[in-house]
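First listed ligand is number 1; within each ligand, the first listed atom is number 1.
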Amino acid sequence: METIDWKNLGFGYSKADYNVRSWYRNGQWGEIEVTTDEHVTMHIGATCLHYGQESFEGIKAFRGQDGKIRVFRMDENAKRMQRSAQGIMLAEVPTSLFIDAVKKVVKLNEAFVPPFDSGASLYIRPLLIGTGPQIGVKPAEEYLFTIIVMPVGPYFKEGFKATDLVIYREYDRAAPLGTGKIKVGGNYAASMVAGQRAHQEGFSAVLYLDAREKKYIDECGPANFFAIKGNSYVTPRSESILPSITNMSLRQLAADMGMKIEERQIPVEELSEFDEVGACGTAAVISPIKRIYDADHDKEYLYGSEPGKVSVQLYEKLQGIQYGLEPDPYNWTTIIE
Ligand code: PLP
Ligand code: COI
């Protein structure tokens, strides 16, 4: 294995030793197979290729100071992938298969879990695709569930330093009653034009507004949105955002810190009333936001170039649990033996 520069990893693909796979055929899931092959052979009429019948997940494993590897809340990812499967008629992966496959692929690729003090982690990417052929628009009869892993650094290049977002009203990532609340590839394809424009214009990501009225904050392209207002943790309630497991965890941690949790519609103008704002997700962890530019109204909201006090506390608490430095009162982590 060539040496990895753990401290300078970005967020991108690299090859680990193994990936795991299970095929759904004749109405049942097969044994977990282990392979070193980075390619998948499938039918040219596969529904994932023609009709976007695919879902993915994102999970992280962390190496603690004690040397142990902890995976964060993978049972929640299993449940979310089941909801995605229901949303676009994929074969559902049972929680036990999902968890066994995660444990197996992490253990097999132990050497790729970054060292404790590197700031990096192992990104775990489960993928569920329709591999059976259909030319009429209907669900496949054959599916592949596979998991790849790779060591990663921060998603936004700034890491825990504050970043900039932009609001454009001419793009939606998902429709109000569409697929925004599940994790399917089509949502991400739909976000690429706006995402690319944001990068070209110097922003880390797009902050989407609700597609119906363009009045309320929805979420970022790859992460949820939260704000701190006095003693409240405020985050959007919307039918078209992905229920983030990181956000759910932060709500719990904020409540434990004595904060009030407000999950509600957030009008765009309220951006001027927040003390701190941030993006949160598995890849993004907590990414504090220093500036939100409303491109249509040429208006900017500024939050200071340093991460705010509450964001720092939440970040330290969350990462403390993930790296095994803090007690884990809700059993969020699973140690890979
Ligand atoms: N929102 C979107 C659109 C995402 O892709 C992600 C990443 O998974 C999130 C939010 C954050 O969710 P989680 O915290 O479960 O990773
Ligand atoms: C994650 O945070 O795991 C994501 O899936 C976000 C992005 C890489 C799509």
For [X] and [Y], which I'm curious about, is there any donor-acceptor pair between the side chains at under 3.5 Å?
X	Y	value
D218	S238	yes
T95	Q82	yes
Q134	Y51	no

I'd like a table of the close N/O pairs between ligand 2 and the protein (anything under 3.5 Å), one pair per line with both atom names and the distance.
| from | atom 1 | to | atom 2 | distance (Å) |
| --- | --- | --- | --- | --- |
| ligand 2 | 2 (O) | A283 | N | 2.8 |
| ligand 2 | 3 (O) | Y123 | OH | 2.6 |
| ligand 2 | 5 (O) | Y123 | OH | 3.3 |
| ligand 2 | 5 (O) | K183 | NZ | 2.7 |

Is there any protein N/O under 3.5 Å from an N/O of ligand 1, and what does the full list of such pairs look like?
| from | atom 1 | to | atom 2 | distance (Å) |
| --- | --- | --- | --- | --- |
| ligand 1 | 1 (N) | E219 | OE1 | 2.6 |
| ligand 1 | 5 (O) | K183 | NZ | 3.1 |
| ligand 1 | 5 (O) | Y188 | OH | 2.5 |
| ligand 1 | 8 (O) | K183 | NZ | 2.8 |
| ligand 1 | 12 (O) | S244 | OG | 3.4 |
| ligand 1 | 14 (O) | S244 | OG | 2.6 |
| ligand 1 | 14 (O) | I245 | N | 3.3 |
| ligand 1 | 14 (O) | T246 | N | 2.9 |
| ligand 1 | 14 (O) | T246 | OG1 | 2.5 |
| ligand 1 | 15 (O) | R80 | NH1 | 2.7 |
| ligand 1 | 15 (O) | R80 | NH2 | 3.2 |
| ligand 1 | 15 (O) | I245 | N | 2.8 |
| ligand 1 | 16 (O) | T282 | N | 2.9 |
| ligand 1 | 16 (O) | T282 | OG1 | 2.6 |

For the ring pair Y303 and F274, is the centre-to-centre distance below 6.0 Å? no
Taking the inter-plane angle between the rings of F11 and Y155 on a 0 to 90° scale, is it parallel (under 30°), tilted (30 to 60°) or perpendicular (over 60°)? perpendicular
For the residue pair Y323 and F62, categorise the inter-ring angle as parallel (less than 30°), tilted (30 to 60°) or perpendicular (more than 60°). perpendicular
Is L314 linked to W332 within one hydrophobic cluster, defined over Ile, Leu, Val, Met, Phe, Trp and Tyr using a side-chain heavy-atom separation of less than 4.5 Å?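 Same cluster.
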With W29, the ring-ring contact (aromatic ring centres under 6.0 Å, His included) member among Y24, W23, Y143: Y24
When you compare the side chain of L325 with that of E316, does any pair of heavy atoms fall below 4.5 Å?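 E316 does not reach L325 side chain to side chain.
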